[in-house]
Amino acid sequence: MAIGLLTSAPAKAADDVSELKAEIRALSKRLTEIEEQKKKVKKLDDRVQKVERAQEARAEAPPPGPMPAKAGPWESFRTGRPVHIFETENTDVLLYGIIEPTLGYTTNVDAAGRSTVGLNTSWFSGNRWGIFVTQKVFPEYNFNLLARMESEFELPSGNMDTPGVLFNRDAWVGFESPTLGKFSVGRQNTLPRDVANIWGDPYGDSKLTTKEGGFSNVNNFKQLIFYTSGGNGANGQGDTRYDQGLVWKKVFDNGLYLGAAYNFGDGNGPGGPNGSGPIPGAGFDKGSTEAVAAGYNYDQFHVSAFYTRANVLEIPTIGTTNIGHIHQSWGAGGNWDGGLLRLNTGYIHYTADQGLVGTRNDDVVTVSGKITPSKFYDFELGWQDFFAHNAALTASGFTFVPFKDASAATMTGTGTRMTTYASFMYHPIPNVDVYVAGDHLKTTGGYSASQAHRHDSADEVVTGVRYKW
């Protein structure tokens, strides 16, 4: 019996071990199933939290607006935005322009005192198209390369404004950054033209910027622009654009504006009979122009001043002896722009060595204002007076335009040229101006305006539409 007990004990122990192992396997299986259930629970919990976050976001977001409609031809016309003809992350090429038909009545258009009615050269702005390029070089510093090419044409005929010259308004390249300002090289506005823009008339920007500005010269009152010239045109010096210009401008954070410019002597500008380009033997002095400018933007007040000096060559000596005479002008003015009402005033003094007939001294005063009761319409009124002393006369008997070569003159005149002008402009959309305008030119004494053709007055009454895109 003892032996039987001894033999049965190992068998029972073996059964206990087997049962324990079976229990362990069962527990392990249950633990595995529990872990899988935990994973499923976690996934479900994550999904619940994701749905709750989406619901909270939708609750906080404003209600969706109407789906934007695809821009059609009217939308493009209404916005008048420049056309992006090439655009990447760092390069933008814009196509832009102004088209302005003007129907006008003009008196004293010839020596017989006759008048004309019809499509005139645009009263406000020269018709133009252009290309403006911006190339980002160091985006972190907002440093960009810039280039502009701009052409002017005559709407009534389609002719080039300067025959044979495509980009007669602008052809320059440069760079700009908040730290360095703007520096440009090539054909561009004179620096005085840009800074006098804020007070020369009520149609330009009231605030100083590094952009080109200035007034045109296509009507009686905008002849003021020639006192800010010193550049090169098709008929020699005296143009309001530099032909080989170097211009620097900067508006500082505190509102201070500074500018400087230098223009190399040029054969006689684009399209001229002597061709364009550096003048043999001229160096840095003969035929050159220098200018400096300063200004300040302060809230609703904006002021600016300039000085320019030009070595005006006697046209027959260009490229040979290069005989030059000093012409210079300085001006100061400003504006107050309160939104509803804008007021401008300025003064310019001009002196010129005219060779045989001596020195010319002119004093110029301009006053103008603008009332803007609504974004849809505004009214402008202005007056300017030129007091010319010992001004040379051309062979046809007209007073020389400032900064023109007058060394061959044999006669002079002393007198005044006064112009009063007014306009009403309606803006059905932001980039379209519909206008009615007029000006009255009156001369006294020995001042003879070429626009009046030996008469002492001339009038313009016009209506037109200016579309900017």
Side-chain angles (χ1 to χ4, degrees), residues 102 104-108 123-125 192-193 195-206 213-229 240 301-306 329-338 340-350 361-373 377-389 391 399 401-402 413-425 433 435-452 455-464:
T102 298
Y105 169 75
T106 307
T107 66
N108 290 332
W123 196 79
F124 269 112
S125 309
R193 171 179 177 168
V195 298
N197 170 59
I198 68 169
W199 46 264
D201 63 42
Y203 303 104
D205 290 336
S206 62
F215 12 111
S216 70
N217 58 343
V218 294
N219 51 43
N220 287 332
F221 81 87
K222 288 199 171 183
Q223 300 299 310
L224 175 71
I225 194 173
F226 289 110
Y227 285 98
T228 67
S229 64
T240 58
F301 294 91
H302 315 91
V303 296
S304 68
F306 69 86
S329 71
W330 63 267
N335 71 65
W336 172 77
D337 189 354
L340 172 63
L341 177 64
R342 172 181 170 181
L343 299 174
N344 314 287
T345 187
Y347 168 80
I348 299 175
H349 182 71
Y350 167 73
N361 286 279
D362 287 14
D363 296 284
V364 179
V365 179
T366 178
V367 178
S368 62
K370 180 178 182 179
I371 300 175
T372 309
Y377 60 92
D378 45 72
F379 305 87
E380 295 79 25
L381 179 65
W383 169 84
Q384 58 187 222
D385 209 347
F386 306 169
F387 301 87
H389 306 273
T399 302
V401 172
T414 295
T416 66
R417 171 189 174 129
M418 180 179 70
T419 309
T420 305
Y421 58 94
S423 63
F424 166 75
M425 303 187 73
D433 306 323
Y435 62 84
V436 176
D439 57 58
H440 172 67
L441 166 66
K442 176 68 177 177
T443 60
T444 65
Y447 197 109
S448 179
S450 60
Q451 295 81 8
H455 301 279
D456 63 2
S457 67
D459 297 301
E460 294 177 308
V461 179
V462 301
T463 183

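None of the values given here were measured: they were computed from a predicted structure.
- The aromatic ring centres of Trp199 and Tyr347 sit 6.0 Å or more apart.
- No donor-acceptor pair under 3.5 Å is formed between the side chain of Asp459 and the backbone N or O of Thr107.
- Heavy atoms only, all atoms of each residue included: Ala305 and Val195 are closest at O-CG2, 4.4 Å.
- In this pair, Phe424 and Tyr377 present their aromatic rings tilted. The plane angle is within the 30 to 60° band.
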**Request:** For the pair Trp336 and Leu341, evaluate side chain to side chain contact (heavy atoms under 4.5 Å, CB included) and give the outcome as yes or no after the intermediate values.
**Result:** CA-CA 8 Å; Trp336 172 77; Leu341 177 64; 4.0 Å; yes
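- Shown are Pro373, Ser423, Pro202; of these, the side-chain contact (heavy atoms from CB on, under 4.5 Å) with Phe379 is made only by Pro373.
- Closest approach of Thr420 and Trp383 over heavy atoms only: OG1-CD1, 3.7 Å.
- Two residues are said to be in side-chain contact when any heavy atoms from C-beta on lie closer than 4.5 Å; Phe306 and Ser329 meet this criterion.
- Lys442 NZ to Thr419 OG1: the interatomic distance, rounded to the nearest 0.5 Å, is 12.0 Å.
- Here the CG atom belonging to Leu343 is positioned 9.0 Å from the CG atom belonging to Asn335, to the nearest 0.5 angstrom.
- Of the inter-residue distances, the one linking Phe226 atom CZ with Asp362 atom CG reads 14.0 Å to the nearest 0.5 angstrom.
- Put simply, CD on Glu380 and OG1 on Thr372 are 7.0 Å apart, with the number rounded to the nearest 0.5 Å.
- Side chain of Asp205 to main chain of Asn197: no donor-acceptor pair is present (N/O by atom type, distance under 3.5 Å, no hydrogens or angles).
- Using a 30° and 60° split on the angle between ring planes, Trp123 and Phe221 fall in the tilted class, from 30° to 60°.
- Checked against Arg417 for a side chain to side chain donor-acceptor pair (under 3.5 Å), the options Gln384, Gln223, Gln451 give a single hit: Gln451.
- Asp201 and Ser368 form no side-chain donor-acceptor contact under 3.5 Å, judged by distance and modelled atom types alone.
- Defined by atom type and a distance below 3.5 Å, a donor-acceptor pair is present between the side-chain atoms of Asp439 and Asn220.
- Taking all atoms of both residues into account, the shortest heavy-atom contact from Thr399 to Gly446 is OG1-O, 4.1 Å.
- To the nearest 0.5 Å, atom OG1 of residue Thr443 and atom CZ of residue Phe386 are 12.0 Å apart.
- Closest of all the heavy-atom pairs between Thr463 and Tyr435 is OG1-O, 2.9 Å.
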**Request:** Show the numbers, then the answer: is there a side chain to side chain contact (heavy atoms under 4.5 Å, CB included) between Ile348 and Thr366?
**Result:** CA-CA 9 Å; Ile348 299 175; Thr366 178; over 6 Å; no
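- Taking every heavy atom of both residues into account, Val462 and Gly104 meet most closely at CG1-CA, 3.8 Å.
- When every heavy atom of Leu224 is checked against every heavy atom of Gly200, the shortest pair comes out as CD2-O, 3.6 Å.
- A donor-acceptor pair under 3.5 Å is absent between the side-chain atoms of Asp363 and the main chain of Phe387, judged by distance alone.
- A distance of 8.5 Å separates CZ of Arg342 from NE2 of His302, quoted to the nearest 0.5 Å.
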